[in-house]
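Residue numbers start from 1 in every chain, and the chains themselves are labelled A, B, ... in the order their sequence lines are given, proteins ahead of strands. Every value quoted in this text rests on a predicted model; they were computed, and no experiment measured them.
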Amino acid sequence: MVVMALMRIVEQLAEGDTAQFAVASASELELVRRWCAKTGNTVVSTMMVEQDAGHVTVGRGRPRDPATMIPADRMPGARLWLYTNFHCNLACDYCCVASSPKTDPRLLGIETIETLVVEAAAWGVRELYLTGGEPFLLPDIDAIVRACVGQLPTTLLTNGMLFRGLGLRKLRAMPREGFALQISVDSSTAEVHDSHRGAGSWKRALAGIRVALDEGFTVRVAATISAHDDPALDELHALFDGLGIPRADQVIRPIALQGVADEGVTFSRESLIPEVTVTAEGIYWHPVAALDADALVSRQILPLAPSLDLVSDLFAKQWSSMTAASAMFACA
Amino acid sequence: MSQLSGAPLLVGAVAYTPNVVPIWEGIRDYFDTPDTAMDFVLFSNYGRLVDALRAGMIDIAWNTNLAYARSVLQTDGHVRALAMRDTDAAFSTVFVAAAGSGWSGPGDIGSRRLALGSADSAHAAILPLHYLRAAGIDVEHMQLKRFDSDIGKHGDTGRSELDAIDAVLAGDADVAAIGITVWENIGRGDLMPGTLEQVWQTEKYSHCMFTALDTLPESVSAPWVAKLLAMDWEVPAHRRILELEGLTRWVEPHLDGYTGLFEAIAQQGVDSRW
Ligand code: SF4
């Protein structure tokens, strides 16, 4: 009875304080949103591990300063996402940016990236995330990673399938400090993962994780869960635990209805706490919406600071006039 | 004026949630003109708040309906009601049962186990019995289950009403008496689908009231009340306070809404303090 729990706990919180509640269905999450809208409280974030089950963080009231509710590392501008490229060796059926081997690569390019990350660090960005497409398809990905890590802690999202030959040499040339790999594994057995990502992909992803761990890298894992599959979360965690990956580094989230996905959770710009995202085509509100015209912030990539300022300002305005709640969507 | 001579108007309230501090700091900051400047002091219970008003320690008390009635009774009526929330002018008690009960009206409550909130909550204990009696129910012989949590705070925390609802949900009581605000906050049951339904609702009555002694000069209270009534939901800084305090606008006193409570206090022999 989530609403009784909200009534007992949230009403007694000091303004700006937050509490977390388990929700067991999409309709229960909707009840939490409606209760917050009705009672003047705030849905700060939802961490849905499946399409419709997970945790929701609720804050008391609507403080003038969102920083009292949103953790510093999730405030707009804390994270910068760079889509290094859009082509991929896979063609997953839920890919939020519709990547495949045939996709136009739309490279951001190392020179632009070097400039971006220097500006990002100067502006106050705390963390960089490199994603694609598959970044390991780029011949200079090791140099890109070094340029990023030289400025800020960096995470590279990869399907982990290309750590052989040239790919392995590039991996080995990447720094171990201030750098993590995030590798996608969607299920505890090959079947579900391969049904979305292609035959043999689960086995190679797991092999990739082991290679990266053996090479001394910090590895995080990310699972994207379809509403149509049995999530078997206990088995999935057991698999990741067995690889020696801490629970905090096991990201589990539902499919987002973006790109080629034909199912998934929907977002609007107003409902997402921004994580500024740069692609060759422009600057976007959030990495989950990097093809979404509604999420386009600017066609102009450089200089970066005006876009970071703009997103922060827009978010502050959105927050202060908020009736609908913003939510974090966990890409990493 | 309060005994702190030369000081701004002093308003007393009861600290029933941590948010009482931001609410009153927000209200104090809002009263930013010399003729309305105010400060506030918090008490742990309404008994002490009324004592402080009578003793002249504070100029204005933010009273519950029971505290207002006690202020009237303890001063032989030498108090003045200043303003209330819009939500206070149309308060009521709602009787709820498990969904599907099919019960309707006071007749269906009289023979059932009734869960009541704190004994000092007018809306969750005193008035439910009063209005049932007025509807012809023999309340002396009803099976009552009382949840006397947070005594001294006149039901402000809402905890006893949630306890009463939980008793119904657990099957330990048939009907719970709760304030309309708790019922509204669960969307009149819509936010707890398939669990609760309304059996009966009392007539409207008045709830909280800013109360002063009749010795507080009109020239002092009038500008303060005028400024209070000017708080605007459309102004974000005002709205934050209004939302935390649970109203959309401040309104003039509705004194006829206290008749039932004065009768109930006399009939039930309600303690004159706490
Ligand atoms: S989800 Fe990742 S691995 Fe799959 S096609 Fe998209 S970019 Fe490639």
Side-chain angles (χ1 to χ4, degrees), chain A residues 1-19 21-44 52 56 58-69 313-325, chain B residues 15-26 29 87 96 98 149-150 153 155-170 176 178-179 181-196 233-248:
Chain A
M1 200 68 67
V2 71
V3 168
M4 284 297 277
L6 290 164
M7 295 277 286
R8 277 194 192 277
I9 294 166
V10 179
E11 295 287 314
Q12 290 303 314
L13 292 177
E15 188 190 32
D17 281 359
T18 60
F21 298 86
V23 285
S25 66
S27 56
E28 207 165 57
L29 178 61
E30 183 55 25
L31 291 177
V32 175
R33 289 190 190 286
R34 282 171 52 200
W35 183 83
C36 286
K38 194 167 193 52
T39 54
N41 294 299
T42 304
V43 174
V44 180
D52 53 8
V56 53
V58 173
R60 179 71 179 102
R62 302 190 208 277
R64 279 167 288 189
D65 180 2
T68 63
M69 278 185 187
D313 285 355
L314 287 171
F315 179 71
K317 287 202 186 86
Q318 179 176 308
W319 179 271
S320 62
S321 65
M322 184 168 55
T323 47
Chain B
Y16 65 92
T17 90
N19 295 310
V20 168
V21 175
I23 289 169
W24 284 99
E25 287 186 338
D29 294 349
T87 41
V96 297
S149 46
D150 303 323
K153 295 195 163 59
D156 275 356
T157 65
R159 181 150 69 108
S160 67
E161 290 154 82
L162 299 178
D163 291 341
I165 290 173
D166 273 340
V168 169
L169 295 177
I178 59 175
T181 47
V182 167
W183 187 229
E184 289 289 354
N185 281 351
I186 55 177
R188 297 180 160 262
D190 282 356
L191 297 180
M192 293 170 56
T195 57
L196 293 174
W233 179 260
E234 298 305 326
V235 177
H238 301 184
R239 182 164 175 170
R240 170 176 159 263
I241 297 162
L242 297 171
E243 277 189 327
L244 282 172
E245 183 56 31
L247 71 155
T248 51

| remark: Greatest number of non-hydrogen atom pairs under 4.5 angstrom with chain A, of B/D166, B/I165, B/L162, falls to B/L162

| message | Does any backbone or side-chain atom of A/L6 lie under 4.5 Å from a heavy atom of chain B? Answer side chain, backbone, both or neither. | response | neither

| note | Applying a strict 4.5 Å limit to non-hydrogen atoms, the region of A/M1 in contact with chain B is side chain

| query | Given side chains that start at C-beta, do those of B/P193 and A/L31 come closer than 4.5 Å, heavy atoms only? | reply | yes

| note | Here the gap from A/M7 atom CE to B/M192 atom CE, rounded to the nearest 0.5 Å, amounts to 8.5 Å

For [X] against [Y], the heavy-atom pair lying closest together:
X	Y	answer
B/N19	A/R60	ND2-NE, 3.2 Å
B/L191	A/K38	CD1-CD, 4.1 Å
B/L169	A/M4	CD1-CG, 4.5 Å

| task | Below 4.5 Å from any heavy atom of chain A, which atoms of B/T157 appear? Answer side chain, backbone, both or neither. | result | both

| query | Measuring heavy-atom distances to chain A, does B/V182 have an atom under 4.5 Å in its side chain, in its backbone, in both, or in neither? | reply | both

| task | Under 4.5 Å, counting heavy-atom pairs only, tell me which of A/R34, A/Q12, A/R8 racks up the most with chain B. | result | A/R8

